[in-house]
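Values below: every heavy atom of this structure, side chains too, minus hydrogens, waters and symmetry copies. One is the number of the first residue; the rest follow in order along the sequence.
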Amino acid sequence: MNDPEIRALLYPLLLGGVYIDELPTGTTRADVVHITPDFLHGYEVKGDADTLQRVPNQLRCYAEVYDFVTFVVTEKHLPKLLPLLPDWVGILVATGEELRPHRAARYNATVEPAPLASLLLLEEVKQFLLARGLHGVSSLRRAEVLHFLRTTQLVPLSSLAQYVRERLMARLPERMAARAERKEERQRLAGLRKRRQARKAARKKARPAPAATKPAKKTPKAK
């Protein structure tokens with residue numbers, strides 16, 4: 001099974017809230033993130049053609065951000081994947097017609113404020129901090145804001161997490177509109193390419209064939 005086939009089985013299971021594909025998370029991208037008012041659940045999809053080489057980095061990034069993490073894999077990956085994942089990470093196995101639960105995801109207690117805030121735009125993070133009366137952050141750069149979040153005790157993780165979920169959910173209509181625009185542009189460019197190819201083929205077909213030339217007569221060699 002490939003990635004699109006597995007995602008098609010996963011999407012109907014994501015009840016409530018919204019889901020986002022390919023959400024930048026640390027140094028990687030989460031394949032699917034289910035966002036509700038109560039939690040962030042990151043899903044990593046591994047089809048038959050995928051490898052497990054990036055699992056350690058993916059797991060590190062997801063563990064810093066998501067309340068729950070689940071790997072959705074085909075049967076072939078299961079034996080090698082199990083030793084790589086801690087017990088709190090859930091596993092779904094794609095069997096061709098359904099996703100079979102191997103084990104449910106448990107709550108992740110290792111979420112960190114700075115990586116979590118990195119899911120948002122810098123201005124969104126600043127707005128959250130300013131609303132809490134932290135006016136000195138308005139002129140800080142991104143690295144400085146993240147350093148502040150790593151070291152401060154003034155920002156409750158629960159409040160930040162709630163704000164991140166709200167902003168990501170509110171942003172979905174914008175993402176969908178942008179995706180629709182990109183799809184429309186791809187279709188427009190594909191139409192242009194087809195028309196150019198058709199005109200080129202028509203010109204080639206209308207071009208007269210070169211006149212056949214008679215081979216030159218060979219002169220007899222002198223004896």
Original post:
So, do Leu119 and Glu124 sit near enough that their side-chain heavy atoms are less than 4.5 Å apart?
Top reply: no
**OP:** For the pair Arg195 (side chain) and Ala190 (backbone), establish whether a donor and an acceptor sit closer than 3.5 Å, ignoring hydrogens and angles.
**Re:** no
**OP:** In sequence, state the C-alpha distance, the side-chain angles, and the governing distance for Val145 and Leu122, and then conclude on side-chain contact (heavy atoms from CB on, under 4.5 Å).
**Re:** CA-CA 8 Å; Val145 169; Leu122 176 58; 3.9 Å; yes
Original post:
Considering the options Val155, Leu160, Leu154, which one meets the side-chain contact (heavy atoms from CB on, under 4.5 Å) requirement together with Leu129?
Top reply: Val155
Original post:
When rounded to the nearest 0.5 angstrom, what distance separates CG in Leu120 from CD in Gln127?
Top reply: 10.0 Å
**OP:** Locate the shortest heavy-atom distance separating Ala105 from Thr70; write the atom from each residue and the value.
**Re:** CB-OG1, 3.5 Å
Original post:
Could you give all pairs that pass the ring pair (Phe, Tyr, Trp, His ring centres under 6.0 Å) test and reach residues 134-172, with sequence neighbours left out?
Top reply: Phe128-Tyr163
Subject >> Straight-line distance of Asp3 CG to Asp31 CG, nearest 0.5 Å >> reply: 5.5 Å
**OP:** Enter the distance from Leu146:CG to Arg141:CZ here, rounded to the nearest 0.5 Å.
**Re:** 12.0 Å
Subject >> Verdict with supporting geometry, Glu64 and Val111, side-chain contact (heavy atoms from CB on, under 4.5 Å) >> reply: CA-CA 4 Å; Glu64 294 178 334; Val111 174; over 6 Å; no
Original post:
Can you hop from Tyr43 to Ile91 via hydrophobic side chains spaced under 4.5 Å?
Top reply: no
Subject >> Nearest heavy atoms of Ala30 and Tyr66, plus distance in Å >> reply: CB-OH, 3.7 Å
**OP:** Could you check if a side-chain atom of Leu52 sits within less than 4.5 angstrom of a side-chain atom of Val73, using non-hydrogen atoms only?
**Re:** no
**OP:** Please indicate whether Lys76 has more than 12 foreign heavy atoms, meaning atoms of other residues, nucleotides or ligands, lying under 6.0 Å from its NZ.
**Re:** yes
Original post:
At what distance, to the nearest 0.5 angstrom, does NZ of Lys46 lie from NE2 of His77?
Top reply: 7.5 Å
**OP:** Scan side-chain atoms only and decide if Thr110 and Asn108 contain a donor-acceptor pair under the 3.5 Å cut-off.
**Re:** yes
Original post:
So, Glu98 and Arg100, do they make that salt bridge, N to O below 4.0 Å?
Top reply: no
Original post:
Do NZ/NE/NH1/NH2 and the carboxylate oxygens of Glu166 and Arg171 come within less than 4.0 Å?
Top reply: no
Subject >> Asp21 CG to Arg29 CZ distance, which is reported to the nearest 0.5 Å >> reply: 11.0 Å
**OP:** Examine Val89 and Val55 and state if one hydrophobic cluster contains both, with Ile, Leu, Val, Met, Phe, Trp and Tyr joined whenever side-chain heavy atoms are less than 4.5 Å apart.
**Re:** yes
Original post:
Looking at side-chain heavy atoms only, is the closest gap between Pro37 and Met169 below 4.5 Å?
Top reply: yes
Subject >> Shortest non-hydrogen separation from Met1 to Ala94 and the atoms involved >> reply: SD-CB, 3.7 Å
Original post:
Which atom pair, heavy atoms only, marks the closest approach of Pro156 to Arg132?
Top reply: CD-NH2, 3.3 Å
**OP:** Can you see which heavy atom on Lys126 is nearest to which on Val137, and at what distance?
**Re:** CE-O, 3.6 Å
Subject >> Student check: side-chain heavy atoms of Thr25 and Pro115 closer than 4.5 Å >> reply: no
Subject >> Salt bridge present between Glu22 and Arg7 (N-O < 4.0 angstrom) >> reply: yes
Original post:
Given the side-chain rings of Phe39 and His34, with only the six-membered ring counted for Trp, is the space between their centroids under 6.0 Å?
Top reply: yes
**OP:** Please lay out, stage by stage, how Tyr107 and Phe68 fare under the test side-chain contact (heavy atoms from CB on, under 4.5 Å).
**Re:** CA-CA 6 Å; Tyr107 180 74; Phe68 300 95; 4.1 Å; yes
Original post:
Going through the distances and angles, do Leu9 and Ile6 end up as a side-chain contact (heavy atoms from CB on, under 4.5 Å)?
Top reply: CA-CA 5 Å; Leu9 296 175; Ile6 296 173; 5.7 Å; no
**OP:** Establish whether Leu149 and Val65 are linked, either directly or via other cluster members, by ILVMFWY side-chain heavy-atom contacts under 4.5 Å.
**Re:** yes
Original post:
Less than 4.5 Å apart, any side-chain heavy atom of Leu116 and any of Leu40?
Top reply: yes
Original post:
Can Thr28 and Tyr62 be counted as having a side-chain donor-acceptor contact under 3.5 angstrom?
Top reply: no
Subject >> Euclidean distance, Glu112 CD relative to Ser118 OG, rounded to 0.5 Å >> reply: 11.5 Å
Subject >> Pairwise side-chain contact, Thr74 with Val93, heavy-atom cut-off 4.5 Å (strictly under) >> reply: no
**OP:** State, to 0.1 Å, how close Asp38 and Asp67 come at their nearest heavy-atom pair, and which atoms those are.
**Re:** O-OD2, 4.5 Å
**OP:** Using atom types as modelled and distance alone, determine if a side-chain donor or acceptor of Arg60 lies under 3.5 Å from a backbone N or O of Gly26.
**Re:** no
Original post:
Looking only at side chains, do Asn57 and Arg54 share a donor and an acceptor under 3.5 Å apart?
Top reply: no
**OP:** Could you check if a side-chain atom of Leu84 sits within less than 4.5 angstrom of a side-chain atom of Phe71, using non-hydrogen atoms only?
**Re:** no
**OP:** Return yes if some donor-acceptor pair links the side-chain N/O of Arg150 with the main-chain N/O of Ala114 below 3.5 Å, else return no.
**Re:** no
